[in-house]
Amino acid sequence: MPTIQSMNIGFLTSQTDARCILSPTTLKKYEKDGFSVRVEKGLGEKIGVSFAEIEVDQQTVVQQSDIICTVSPPDAVNYKSAQKDAIFISFYQPYMPEFSGEGYSGEDVSIFSLDMIPRSTLAQSMDALSAMASIGGYKAVLLAAQKLPRLFPMMMTASGAIRPANVLVLGAGVAGLQAIATARKLGARVEAFDVRSAVREEVKSLGAKFVEVEGAVEDKAAGGYAVEQTDDFKRKQKEVIAASVKKADVVITTAQIRGRKAPILVTEEMIKAMSPGSVIVDMASSTGGNCELIEDKMEVVKHGVLLIGDSELYLRALNDASDLLANIYYNFISLLKQDGEIKIDHEHPILSSALIYPKK
Ligand code: NAD
């Protein structure tokens, strides 16, 4: 792709995602860096921020921007009306089975998908998945604490002692570790399980017990992500998890396998064995869930247990999620700026991972 000498950047609103990807702080930074910024009318409204002075309609943003940012992929028509060599930046989830790449295929544009950024130290400041998972893990625990008909901490009162709540966290990635830390801060007794043995020490350092199951399959080539497990392991895992679920007041599940259906870790039988009033928050519900009977974006009671399916808990902290995302877009876009011009360095490890079209 040739170098783009103008530095026009545009931000579109999304019909399906309320997060705002520009903040007053990042707007100032873009302008200081020499970018001319335009936003689609309405951007920022949901978080109480106004960009009135740089608002235009959607068509104008698309037609006049060299870089077009949207939190969810834009309609296909936008690729056609964009300038030649325009760069689109969004979250495309190209690893999902239903992804097709339709819409921009054949167009003279470049597409970056921020969910393809490597989970490396170098890319930490633009790791949107981690930022959102942290918020989600925190909110999952607060939600459960609010719904549980018990308290989290141990409490000694004149009228008797209250035992601490038992919280089980399944999947100790970014969301799970934040959930463990939050539940511990609230005074709960916490157990956690993950197929990646690397997290054992992190779980313990947060003051939780690591539930051990021998024989997990780990694959270094998977970039740190979990991989599908053998049937024998799944059977052993089921027995061990069943015992922990039975004594848990709250179960938070976060286990995902990138690009595949989430593994079922909590079965209907296990739910039946829980005490009435217990709460399960399933953060993997958008990819089928870790818990049987879970319904995505719903709260349902089954066998006396409240099941909450929500993979977008970050939306419940919309302002913070928006601020972090605005920083992430800014940090990523900084990689596209060289000597006052926009340029894609195909050798850059982060840019080459995130570029999904055209593929070299
Ligand atoms: P994720 O959302 O893909 O999955 C959540 C957790 O569920 C993971 O820990 C995974 O191992 C676990 N899991 C999957 N299947 C399971 C099963 N059957 N039973 C129990 N647990 C199961 O994970 P994530 O939080 O997005 O993290 C993905 C990888 O990225 C991890 O290796 C993490 O350490 C790494 N990471 C690195 C950095 C960095 O800066 N270096 C930052 C963030 C994440």
Side-chain angles (χ1 to χ4, degrees), residues 91 93 95-96 114-138 140 168-181 191-203 205-206 208-242 244-245 248 251-267 270 280-292 310-314 324 328 331-332 349-350 353:
F91 293 89
Q93 300 192 305
Y95 42 83
M96 294 307 278
L114 292 181
D115 39 22
M116 293 303 285
I117 284 176
R119 310 300 286 276
S120 63
T121 310
L122 184 66
Q124 252 170 357
S125 69
M126 45 198 102
D127 183 348
L129 301 185
S130 289
M132 297 305 122
S134 281
I135 296 177
Y138 172 83
L168 173 66
V169 176
L170 298 176
V174 181
L177 290 171
Q178 187 60 251
I180 295 168
E191 289 193 352
F193 168 71
D194 199 295
V195 285
R196 291 183 303 118
S197 57
V199 297
R200 182 187 293 111
E201 291 314 313
E202 286 178 85
V203 167
S205 72
L206 290 170
K209 183 180 163 208
F210 189 73
V211 178
E212 302 277 353
V213 184
E214 301 280 302
V217 182
E218 298 190 48
D219 181 2
K220 285 209 170 72
Y225 289 105
V227 293
E228 190 71 35
Q229 299 297 314
T230 63
D231 287 344
D232 187 41
F233 178 84
K234 283 186 195 164
R235 192 181 39 74
K236 273 195 272 178
Q237 169 186 277
K238 195 169 161 187
E239 282 168 20
V240 175
I241 289 177
S244 290
V245 170
V251 180
I252 311 277
T253 72
T254 75
Q256 313 245 33
I257 302 176
R258 200 167 155 91
R260 304 185 65 154
K261 197 177 166 309
I264 290 290
L265 301 175
V266 180
T267 62
M270 294 183 204
I280 300 180
V281 181
D282 190 337
M283 293 180 63
S285 58
S286 66
T287 50
N290 296 134
C291 178
E292 276 180 359
D310 196 337
S311 299
E312 295 178 339
L313 284 166
Y314 47 76
L324 293 185
I328 283 161
N331 294 335
F332 181 78
I350 298 175
S353 299

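Just follow the structure's listing: the first ligand is 1, and inside any ligand the first atom is 1. The analysis underlying the following values was restricted to heavy atoms, covering all of them including side chains, and did not include hydrogens, waters or symmetry mates. A quick note: this is a predicted structure, and the numbers were derived from the prediction, not measured.
- No side-chain donor from either of T267 and E292 sits under 3.5 Å from a side-chain acceptor of the other.
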Listing, residues 251-260 side-chain donor-acceptor contacts under 3.5 Å, not counting sequence neighbours, or none:
unit_1, atom_1, unit_2, atom_2, d
T253, OG1, D282, OD1, 2.9
T253, OG1, N290, OD1, 3.3
T254, OG1, L170, O, 3.3
T254, OG1, G171, O, 2.8
Q256, OE1, T287, OG1, 3.1
R258, NH1, Y225, OH, 3.3
R258, NH2, D115, O, 2.9

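- In this structure, I350 CD1 and S120 OG are separated by 5.5 Å, a value rounded to the nearest 0.5 Å.
- Among all heavy-atom pairs drawn from L177 and A172, the shortest one is CG-O, 3.6 Å.
- Put simply, CG on D232 and CD on E214 are 12.0 Å apart, with the number rounded to the nearest 0.5 Å.
- Contact annotation: the side chain of R119 approaches that of V174 to within less than 4.5 Å [non-hydrogen atoms, C-beta and beyond].
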Could you list, one pair per line, each nitrogen or oxygen of ligand 1 together with any protein nitrogen or oxygen closer than 3.5 Å, giving atom names and the distance rounded to 0.1 Å?
unit_1, atom_1, unit_2, atom_2, d
ligand 1, 9 (O), G173, N, 3.2
ligand 1, 9 (O), D194, OD2, 2.6
ligand 1, 9 (O), R196, NE, 3.3
ligand 1, 9 (O), R196, NH2, 2.7
ligand 1, 11 (O), D194, OD1, 2.7
ligand 1, 11 (O), D194, OD2, 3.4
ligand 1, 11 (O), R196, NE, 2.9
ligand 1, 25 (O), V174, N, 2.8
ligand 1, 26 (O), R119, NH1, 3.0
ligand 1, 26 (O), R119, NH2, 3.2
ligand 1, 32 (O), R196, NH1, 2.9
ligand 1, 32 (O), G224, O, 2.6
ligand 1, 40 (O), Q124, NE2, 2.9
ligand 1, 41 (N), R119, O, 3.2

